[in-house]
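Okay, handing you the structure first.
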Amino acid sequence: MLEAKLDAASQLKKIVEAIRDMLGECNIECNETGLALQSLDKSHIVLVSLLLGSDGFSEYRCDRGVTLGLNINSLATVLRCANNDDILTLRSEDRANELILTFEDSKADRISEFNLRLMDIDQEYLAIPETEYAATVVMSAAVLQRTLRDLSALSEAVTIEIDKEGIRFSAEGDLGKGSTHFKPCVDMENAENSINITLSEPVSLSFNLQYFSNITKASSLSSTVTLQMTAGMPAQIEYKLPSGHVRYYFAPKIED
Amino acid sequence: HKHQDPLERFYNGH
């Protein structure tokens, strides 16, 4: 059986908000090390990989592997019934067909319980090799989100160029073109505003901005984001969690 | 023209 407790329901709410626009139904695999999910979006442009280590829960128990086949939008609907600071517990018996969620407000002596039906989901998995990327950029998650939002007013696509001078985002559409360039920098007072670039060779890739904007909904999970790119390969975009990560593999645009 | 390529093009399914 699985029993996993979080001190604040907001932790799971934010994670679900970060993935729900891309995923419909998917399996969450639970074992003694934690919860994991790997799922492709409908168009197979983005792969979401979520890892929630058992250390990230205030209490965690999972004696044997459990697969939770969930509709992510149904999960989001139920989570809306929890207050952000409620204590949240996830429970599922072995071979059960439901996930039980309880939301507790210890001050008000309120306990709500919801049972979510589980599904048998036949899911595709992709084998993602360990990759040394040509360029790695660590920057503020909020700044990335803002930059992409600004450029989406111009075009459906953004081009990202990384070289030793910095990282440049640019877009071109009917009304004109725009770009934002960030130089590498160290901000001693606000470390999350630093921009760190590790490079073995310059890279330039283009991406669809609608998908990118869905990915940056994970910005509420982490102050920084790690962007990794290699020419002609999907980018890896990672938001670190206290124990785990939400990672996106994002297929670039390719010349016909 | 550019188009978005699905991820299977890059990674083998299993």
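Chain A is the first sequence line, chain B the second, and so forth, proteins listed ahead of strands; every chain is numbered from 1.
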query = If you count heavy-atom pairs under 4.5 Å with chain B, which of A:Val46, A:Leu40, A:Ile128 comes out on top?
reply =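 So the answer, after comparing A:Val46, A:Leu40, A:Ile128, is A:Ile128.
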
task = Check whether any side-chain N or O of A:Asn27 sits under 3.5 Å from a backbone N or O of A:Ile121 as a donor-acceptor pair, and report yes or no.
result =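 Indeed, once roles are kept as given, a pair shorter than 3.5 Å links the two residues.
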
query = If you tally heavy-atom pairs under 4.5 Å against chain B, which of A:Ala251, A:Pro234, A:Gly232 wins?
reply =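 Top count of heavy-atom pairs under 4.5 Å with chain B: A:Pro234.
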
query = Any donor-acceptor pair under 3.5 Å linking the side chain of A:Glu25 with the backbone of A:Gln123?
reply =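 Judged by distance alone, no pair lies under 3.5 Å.
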
ask   = Roughly how far, to the nearest 0.5 Å, is OG of A:Ser170 from CD1 of A:Ile160?
value =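 Reported to 0.5 Å precision, the distance equals 9.0 Å.
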
task = Mark yes or no for whether A:Ser140, through its side chain, and A:Val143, through its backbone, hold a donor-acceptor pair below 3.5 Å.
result =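 Confirmed, A:Ser140 side chain pairs with A:Val143 backbone.
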
inquiry  = Quick check on the interface: out of A:Phe207, A:Tyr211, A:Phe250, A:Tyr249, who has the most heavy-atom pairs with chain B under 4.5 Å?
reply    =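 Maximum pair count with chain B is reached by A:Tyr249.
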
